[in-house]
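If you're wondering where the values come from, they're calculated on a predicted model, not measured in any experiment. Order of the sequence lines fixes the chain letters, A, B, ..., with proteins taken first and strands second; residue numbering starts at 1 for each chain.
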Amino acid sequence: MTLRIHNTLTRQKEAFVPLQPGKVSLYVCGVTVYDFCHVGHARVYVVFDVVQRTLKKLGYDVTYVRNFTDVDDKIIGRANKNGESCDQLTERTIAAFYKDMDALDIERPQVEPRVTGHMPEIIALVQQIIERGHAYEVPGEFGGNDVYFDVVSFPAYGVLSGRSQDDNQDGASERVSHDTRKRSQADFALWKSAKPGEPSWESPWGQGRPGWHIECSAMSCKHLGASFDIHGGGKDLVFPHHENEIAQSKAANGQDFARYWMHNGFVTVDSEKMSKSLGNFFTIRDVLARYHPQVLRYYLLTAHYIAPLNFSDKSLDDANRRVLYMYEKLAAADELLARTQVAAGPELPVVQKARAELLEALTDDFNTPKALASLSEPLQVLSQALEKPKDQANQKTVAQVRAFFGEAAALLGLFQHDAAATAAEIIEMAKTLRFPAGSEALASVERLIEERNAARANKDFAQADVLRKQLLDLGVEVGDTRQGTVWRPNLGQGDSAV
RNA sequence: GGCGCCAUAGCCAAGUGGUAAGGCAAGCGACUGCAACUCGCUCAGCCCCGGUUCGAUCCCGGGUGGCGCCUCCA
């Protein structure tokens with residue numbers, strides 16, 4: 001099956017042909033580790049997790065590299081503010097990063113390089129760029145030299161972002177303070193001379209540290225080679241970060257750099273980009289305090305990765321209901337299959353169709369909304385079959401659809417957990433959020449339920465219905481089952497804002 | 001100012017040159033003491049104006065409305 005990828009470089013969907021048959025090299029820009037990740041970060045890494053899973057499913061031997069930026073102005077600033085070392089800050093942040101990623105079932109890349117571990121490679125790369133005449137030194141503020149990339153010396157500058165050098169001049173001249181040491185205002189730092197008290201490394205230009213962009217050129221080259229298949233990241237990295245990476249890498253070795261560029265759209269809040277600087281962000285752990293990780297993951301996959309994704313309670317609540325429903329159906333299937341011997345047989349058309357649609361969707365530029373839609377029909381068939389579980393044909397349907405969801409799980413990173421347990425977790429989260437243990441709210445719900453049960457026992461149904469209405473007003477749905485009365489919060493009517 | 005993206009039902013969201021997936025919500029029916037859950041059924045002429053075409057939501061041009069990048073940002 002042919003994989004098609006929208007390539008930022010050409011702004012077109014192209015058939016994917018790897019550099020080496022059977023192998024895919026993938027580099028995704030990681031995070032600068034000075035703070036917790038927000039939902040925007042979650043989206044990138046969930047998206048590329050699905051990319052990576054799809055590539056594996058297609059039989060490729062995937063080398064996935066995702067870096068940590070652990071030297072940076074913001075890290076230094078935050079560490080100083082906290083009164084701790086940069087190392088302490090970055091180590092702690094990386095641990096938190098893993099906790100978030102693991103919760104979202106994001107698989108670890110094969111290589112996770114850190115900038116601090118690649119100084120020799122970075123320095124060598126900068127030297128190479130200087131030697132080839134694409135960078136120059138200027139005196140730094142506190143001794144040592146800064147090294148800048150000479151944009152004018154590299155005519156191809158702008159291929160990715162579609163800007164001419166004149167465009168950049170115009171824009172930059174209004175907002176960026178002029179640095180008279182730079183030959184062109186578009187020139188960017190490859191190496192920064194150290195200021196007192198900052199982490200620094202010995203280099204041919206004195207004590208200093210790398211500029212932001214050079215690290216990715218150095219690390220991708222080391223772990224994937226000068227030329228590799230796919231380079232990804234958030235849309236905001238197209239310019240200048242990725243543009244600069246291309247310039248540096250090509251200037252250094254003259255070879256092709258990444259062949260396919262993938263950029264995911266932003267997570268927005270009220271249609272505005274979620275970002276640290278705007279302050280309109282929600283950390284992953286903020287969200288996971290209110291929604292199950294599977295719900296967040298599902299939600300992040302409900303839009304195509306290129307499109308913007310507007311973050312809202314309403315959307316999460318929709319996802320919450322749907323994911324709970326799906327897990328409950330899978331749990332019911334598991335329960336049936338655990339006590340039933342189902343004979344094997346030819347695969348049902350509905351499963352064959354769904355599998356084909358799922359794969360087709362993912363191989364068409366990782367169309368996850370379409371992929372999720374492909375699960376609906378088999379799920380419906382499963383639900384119908386579960387209505388009459390003694391029917392042998394239905395049992396077969398349940399077994400086959402359940403098995404198919406196992407396959408889908410591997411691709412989407414959903415439904416990989418025990419279904420009954422996950423469904424229970426989702427309900428429990430909603431309960432404890434709205435009716436915390438020991439709270440008056442919980443006590444009153446339980447009191448009403450008892451009263452209602454007493455009324456029902458006395459056949460006083462009028463009173464029972466009054467109490468049901470009261471519970472509903474509290475956001476509680478009551479269900480009378482053979483096992484007794486159960487209740488759950490009315491998902492999606494929460495008053496809490498994210 | 002430069003470059004670019006988006007505009008599909010109440011909400012979210014796919015998609016195709018030939019009369020629009022899926023989800024949530026909603027309505028109706030079944031089930032139920034009544035309900036919830038569940039199952040079944042119902043539910044869009046695709047921002048506006050031109051053009052190309054036998055035919056456009058999908059192609060081209062213009063407009064309007066959102067948004068992004070050009071400064072750190074996933």
Side-chain angles (χ1 to χ4, degrees), chain A residues 8 11 28-32 37-48 72-74 77 158 161-164 166-177 186 212 232-241 243 263-268 270-278 281 298-299 302-304 306-310 312 314-323 325-326 328-329 332 357 361 364 367-377 379-380 383-384 386-388 456 459-462 464-465 468-469 471-472 476-481 485-488 490-492:
Chain A
T8 309
R11 291 186 188 79
V28 175
C29 286
V31 283
T32 300
C37 285
H38 63 232
V39 180
H41 300 110
R43 185 181 194 190
V44 189
Y45 303 122
V46 165
V47 162
F48 283 100
D72 166 88
D73 288 344
K74 287 190 294 275
S161 56
R163 297 156 209 266
S164 70
D166 292 340
D167 295 340
N168 293 314
Q169 306 279 0
D170 291 345
S173 62
E174 302 217 347
R175 298 205 193 165
V176 180
S177 58
W212 174 37
K235 209 175 179 184
D236 44 3
L237 298 182
V238 173
F239 190 90
H241 187 57
E243 193 71 70
H263 293 96
N264 67 278
F266 300 130
V267 174
T268 58
D270 295 330
S271 296
E272 288 195 319
K273 179 185 176 186
M274 179 183 288
S275 73
K276 289 266 167 93
S277 41
L278 285 173
F281 64 92
Y298 176 93
Y299 166 66
T302 56
H304 183 75
I306 290 177
L309 180 64
N310 200 236
S312 71
K314 173 75 167 59
S315 306
L316 259 339
D317 288 339
D318 286 356
N320 205 193
R321 275 186 283 262
R322 184 61 177 168
V323 171
Y325 172 81
M326 293 173 107
E328 284 185 327
K329 287 299 154 195
E357 285 176 357
D364 183 14
N367 193 330
T368 54
K370 208 171 175 183
L372 291 174
S374 74
L375 303 180
S376 286
E377 193 185 347
L379 193 69
Q380 185 187 26
S383 303
Q384 289 166 343
L386 285 166
E387 292 290 297
K388 291 180 182 167
R456 291 183 71 228
K459 304 278 185 207
D460 184 357
F461 293 120
D465 289 347
R468 174 195 293 288
K469 179 67 170 59
L471 284 158
L472 206 55
V476 173
E477 290 175 353
V478 181
D480 300 316
T481 71
T485 299
V486 295
W487 67 275
R488 65 169 64 165
N490 190 342
L491 295 181

A.B. asks: Residues two or more places apart in sequence or in another chain: which of them pass side chain to side chain contact (heavy atoms under 4.5 Å, CB included) with A:Ala303?
C.D. replies: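 A:Ala303 satisfies side chain to side chain contact (heavy atoms under 4.5 Å, CB included) with A:Arg43, A:Leu309 only.
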A.B. asks: What interatomic distance, in whole Å, is found between P of B:G45 and the corresponding atom of B:A36?
C.D. replies: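 Those two atoms are separated by 30 Å.
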A.B. asks: Who are the side chain to side chain contact (heavy atoms under 4.5 Å, CB included) partners of A:Asp73, not counting sequence neighbours?
C.D. replies: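 Once residues adjacent in sequence are excluded, the partners of A:Asp73 under the side chain to side chain contact (heavy atoms under 4.5 Å, CB included) criterion are A:Lys192, A:Arg209.
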A.B. asks: B:G23 C1' sits how many Å from A:Asp317 CG, rounded?
C.D. replies: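 Taking CG of A:Asp317 and C1' of B:G23, I get 14 Å after rounding.
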A.B. asks: Report the distance from atom OH of A:Tyr298 to atom C1' of B:A14, rounded to the nearest whole Å.
C.D. replies: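 Spelled out: OH on A:Tyr298 to C1' on B:A14 is 12 Å.
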A.B. asks: What distance, rounded to whole Å, do you find between the two P atoms, one in B:A26 and one in B:C11?
C.D. replies: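 Those two atoms are separated by 15 Å.
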A.B. asks: Please tell me if A:Arg321 has a side-chain N or O lying less than 4.0 Å from either OP1 or OP2 of B:A25.
C.D. replies: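 So the side chain of A:Arg321 is within the cut-off, an N or O lying under 4.0 Å from OP1 or OP2 of B:A25.
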A.B. asks: State, to 0.1 Å, how close A:Leu379 and A:Tyr325 come at their nearest heavy-atom pair, and which atoms those are.
C.D. replies: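 Closest pair (atom of A:Leu379, atom of A:Tyr325, distance): CD2-CE2, 3.5 Å.
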A.B. asks: When you measure from the side chain of A:Ser271, which nucleotide among B:G15, B:A74, B:G66 comes out closest?
C.D. replies: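 Closest of the options to the side chain of A:Ser271: B:G66.
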A.B. asks: Heavy atoms under 4.0 Å is the rule here; annotate nucleotides 32-38 of chain B 5' to 3' with B where the base is hit, S where only the sugar-phosphate is, and - elsewhere.
C.D. replies: -BBBB-S
A.B. asks: For atom C1', what is the distance between B:A9 and B:C3, given to the nearest Å?
C.D. replies: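 The same atom, C1', in both gives a distance of 34 Å.
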A.B. asks: Consider the side chain of A:Arg163, meaning its heavy atoms from C-beta on, and name the nucleotide among B:A13, B:G2, B:G23 that approaches it most closely.
C.D. replies: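 Looking only at side-chain atoms, A:Arg163 lies closest to B:G2.
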A.B. asks: Send over the distance from A:Asp364 CG to B:U16 C1', rounded to a whole Å.
C.D. replies: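 In whole Å, B:U16 C1' and A:Asp364 CG are 12 Å from each other.
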A.B. asks: Should A:Leu472 and A:Glu477 count as side-chain neighbours, where that means a heavy-atom distance under 4.5 Å?
C.D. replies: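 Contact flag for A:Leu472/A:Glu477 side chains = yes.
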A.B. asks: Can you list the residues that meet the side chain to side chain contact (heavy atoms under 4.5 Å, CB included) rule with A:Asp364, with sequence neighbours excluded?
C.D. replies: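 Side chain to side chain contact (heavy atoms under 4.5 Å, CB included) list for A:Asp364, sorted by chain: A:Arg4, A:Lys13.
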A.B. asks: Determine the Euclidean distance between corresponding P atoms of B:C24 and B:U38; express it in Å to zero decimal places.
C.D. replies: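 About 9 Å, rounded to a whole number of Å.
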A.B. asks: With sequence neighbours left out, write down each residue that passes salt bridge (charged side-chain N to carboxylate O under 4.0 Å, His left out) with A:Lys469, or none if nothing qualifies.
C.D. replies: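 Testing A:Lys469 for salt bridge (charged side-chain N to carboxylate O under 4.0 Å, His left out), a comparison that skips the adjacent residues, returns A:Asp473.
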A.B. asks: Quick one: which protein N/O atoms are closer than 3.5 Å to N/O atoms of nucleotides 5-9 of chain B? Pair and distance per line, please.
C.D. replies:
none

A.B. asks: What is the separation between atom NZ on A:Lys314 and atom P on B:C12, rounded to the nearest whole Å?
C.D. replies: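 Distance check: A:Lys314 NZ to B:C12 P gives 8 Å.
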A.B. asks: Hey, which of these two, A:Gln384 or A:Glu272, hits RNA chain B nearer its 5' end, going by closest nucleotide?
C.D. replies: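 Going by which nucleotide is closer to the 5' end, it is A:Gln384.
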A.B. asks: Return the value, rounded to whole Å, for the distance between atom CG of A:Leu316 and atom P of B:A25.
C.D. replies: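 To the nearest whole Å, that distance equals 15 Å.
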A.B. asks: P atom, B:G29 versus B:G23: distance in rounded Å?
C.D. replies: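 To the nearest whole Å, 22 Å.
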A.B. asks: Taking atom P in both B:C60 and B:G22, what distance in whole Å separates the two?
C.D. replies: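 My reading of the P atoms in B:C60 and B:G22 gives 28 Å.
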A.B. asks: In this structure, how many angstroms lie between the P atom of B:C12 and the CG atom of A:Asp318, rounded?
C.D. replies: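 A:Asp318 atom CG is separated from B:C12 atom P by 10 Å.
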A.B. asks: For the C1' atoms, the ones on B:C43 and on B:A25, what distance do you get once it is rounded to whole angstrom?
C.D. replies: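 So the two C1' atoms sit 11 Å from each other.
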A.B. asks: Under 4.0 Å: is that the gap between some side-chain N or O of A:Lys273 and OP1 or OP2 of B:C69?
C.D. replies: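 Affirmative; the distance criterion is met.
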A.B. asks: Going by the rule side chain to side chain contact (heavy atoms under 4.5 Å, CB included), which residues pair with A:Lys276 if we only count those two or more places apart in sequence or in a different chain?
C.D. replies: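 Scan of A:Lys276 (side chain to side chain contact (heavy atoms under 4.5 Å, CB included), adjacent residues dropped) gives A:Tyr34, A:Asp35, A:His38, A:Phe281.
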A.B. asks: Quick one: side chain to side chain donor-acceptor pair (under 3.5 Å) partners of A:Glu357, sequence neighbours excluded?
C.D. replies: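 For A:Glu357, no residue satisfies side chain to side chain donor-acceptor pair (under 3.5 Å) once neighbours in sequence are set aside.
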A.B. asks: Going by salt bridge (charged side-chain N to carboxylate O under 4.0 Å, His left out), name the residues that satisfy it together with A:Arg322, two or more places apart in sequence or in a different chain.
C.D. replies: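 For A:Arg322 there are no salt bridge (charged side-chain N to carboxylate O under 4.0 Å, His left out) partners, ignoring immediate neighbours.
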A.B. asks: State whether A:Gln380 places a side-chain N or O below 4.0 Å from either non-bridging phosphate oxygen (OP1 or OP2) of B:G22.
C.D. replies: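 No, A:Gln380 has no side-chain N/O under 4.0 Å of OP1/OP2 on B:G22.
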A.B. asks: Using atom C1' of each nucleotide, how far apart are B:C6 and B:C12 to the nearest Å?
C.D. replies: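 One C1' to the other, the span is 16 Å.
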A.B. asks: Rounded off to whole Å, could you give me the CZ-to-C1' distance for the A:Phe48 and B:A74 pair?
C.D. replies: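 In whole Å, B:A74 C1' lies 9 Å from A:Phe48 CZ.
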A.B. asks: Nearest whole angstrom, please: distance from the P of B:G23 to the CZ of A:Arg322.
C.D. replies: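 In whole Å, B:G23 P lies 6 Å from A:Arg322 CZ.
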A.B. asks: Relative to the 5' end of RNA chain B, which residue comes earlier, A:Gly233 or A:Pro240, by the nucleotide with the nearest heavy atom?
C.D. replies: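 Comparing both residues, the 5'-ward one is A:Pro240.
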